[in-house]
There are 2 protein chains.
Amino acid sequence: MPTPARTSITDIVAAGRDILEADGPPGLTMQAVATKVGVRPPSLYKHVKNRESLVGLVAGDALRDLRERLDGADSDLAGLAHAFRAFAKESPQGYQLVFALGPDASRPDPAALAQTSQPILRVAADLVGEGDALEAARTITAWASGFVAMELAGAFRLGGDVNRAFDYGVKALTRGLAR
Amino acid sequence: MPTPARTSITDIVAAGRDILEADGPPGLTMQAVATKVGVRPPSLYKHVKNRESLVGLVAGDALRDLRERLDGADSDLAGLAHAFRAFAKESPQGYQLVFALGPDASRPDPAALAQTSQPILRVAADLVGEGDALEAARTITAWASGFVAMELAGAFRLGGDVNRAFDYGVKALTRGLAR
DNA sequence: ACCTGAACACCGTTCAAGT
DNA sequence: ACCTGAACACCGTTCAAGT
């Protein structure tokens, strides 16, 4: 006789997301997630294939938040850059997971990634025209993701004002890309 | 009676570096390193504090290689950017480890990181003058590290020529930073 | 002074057995 | 149809015992 499910994929991903932000990727264990949703570890395998795919789902969840931020931001380079950075400050572990490497199963869905680059492509096209939009978008994304990654990693240790360096980068890119 | 050491910190770090490139961070286990240098796992703890610090030493070793590349490169933005990318292609796992997050013990020595930024600071000063050199260097490093990280992660999936996008970024930054 | 086997706590995963 | 305990292989780490 069937028994009602005691948890759900939605609950599992939400629990994973919370645990990730609290304890980082090493804390995101099947045991921790199972405890949080109130089942035993083996039960999770009725809902996700394995830990890798759970990590991928959590990354996808974080990516959705990032996309919402970008969609709601001002449609210029400064607006997108600040939305990018704001998301990283709010969900540092989620941010890193979105841009992390690892096996395909642990990566967010390529289609979702493509959708997230939409607002950046639009801003790039506004700056340089349709012909160079892809190259310009890659320049912007590389700088923004690199800057935020270094900031989160505590890599800016030579003093100076990090906020000032961020605004400096926005201006330098805007100048370098403007037609 | 003392027995001669059967391995050394040098051997251990070199073995760790090889294993990292072959199998990635998950493969870099104490057991794998011990097997490679010909001892049992517990013996490693006579040479390193724990796995975290071993990872930090391996990251430091990769960072030394990156520094050598940068020191040998042409002293302009294009030269440094290509040296950066060449190192990442040769040692993708080592590259990622250098720019990864994680606990302090697993990160390369801050002083070594500072020394690596030296050639970038010099190029930045050439472009924008001493006053803005730090901000310009951070813009360059953020873009280069972000671009290469995305390339390694396979994040450029919208078609187009990645080499062209790289050169486009070099030109955009040079233009945006030039006085 | 270094190396080892044994042990412990932890993890991911499978599977037969329960309801 | 979902959940569970038991089991397995693996991992990091400690420690007393060897040489």
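Keep in mind that what you see is a predicted model, and the values were worked out from it rather than measured. Protein chains get the first letters and strands the later ones, always in sequence-line order, with residue 1 at the start of each.
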Strictly below 4.0 Å: does B/Arg51 bring a side-chain N or O up to OP1 or OP2 of D/dC11? no
Just the rounded figure in Å: distance from [atom2] of [N] to [atom1] of [X].
{"X": "B/Met30", "N": "D/dC10", "atom1": "CE", "atom2": "P", "result": "18 Å"}
{"X": "B/Asp23", "N": "D/dC10", "atom1": "CG", "atom2": "P", "result": "15 Å"}
{"X": "B/Tyr45", "N": "C/dT4", "atom1": "OH", "atom2": "C1'", "result": "14 Å"}
{"X": "B/Lys49", "N": "D/dG12", "atom1": "NZ", "atom2": "C1'", "result": "13 Å"}
{"X": "B/His47", "N": "C/dC2", "atom1": "NE2", "atom2": "P", "result": "6 Å"}
{"X": "B/Arg40", "N": "D/dA16", "atom1": "CZ", "atom2": "C1'", "result": "18 Å"}
{"X": "A/Leu44", "N": "D/dG5", "atom1": "CG", "atom2": "P", "result": "13 Å"}
{"X": "B/Lys46", "N": "D/dG12", "atom1": "NZ", "atom2": "C1'", "result": "17 Å"}

Report yes or no: does [X] contribute a side-chain atom to a donor-acceptor pair with the main-chain N or O of [Y] at less than 3.5 Å?
{"X": "A/Asp74", "Y": "A/Asp76", "result": "no"}
{"X": "B/Gln96", "Y": "A/Leu101", "result": "no"}
{"X": "A/Arg157", "Y": "B/Leu113", "result": "no"}

What is the nucleic acid contact for B/Ser43, judged by heavy atoms within less than 4.0 Å: base, sugar-phosphate only, or nothing? base
Given [options], identify the nucleotide with an atom nearest to the side chain of [X].
{"X": "A/Gln31", "options": "C/dG5, D/dT13, C/dG12", "answer": "C/dG12"}
{"X": "B/Asn50", "options": "D/dA6, C/dC3, D/dT13", "answer": "D/dT13"}
{"X": "B/Pro42", "options": "D/dG5, C/dC11, C/dA6", "answer": "C/dA6"}

Counting Watson-Crick and G-U wobble pairs only, both distances under 3.5 Å, name the nucleotide matched with D/dG12, or none. C/dC8
D/dC2 -> Watson-Crick or G-U wobble partner, both distances under 3.5 Å, gives C/dG18
For the residue pair B/Arg85 and B/Phe166, would you count it as a cation-pi contact if the rule is NZ or CZ under 6.0 angstrom from the ring centre and within 45 degrees of the ring axis? yes
Identify which one of B/Asp61, B/Leu20, B/Leu63 satisfies the side chain to side chain contact (heavy atoms under 4.5 Å, CB included) criterion when paired with B/Leu97. B/Leu20
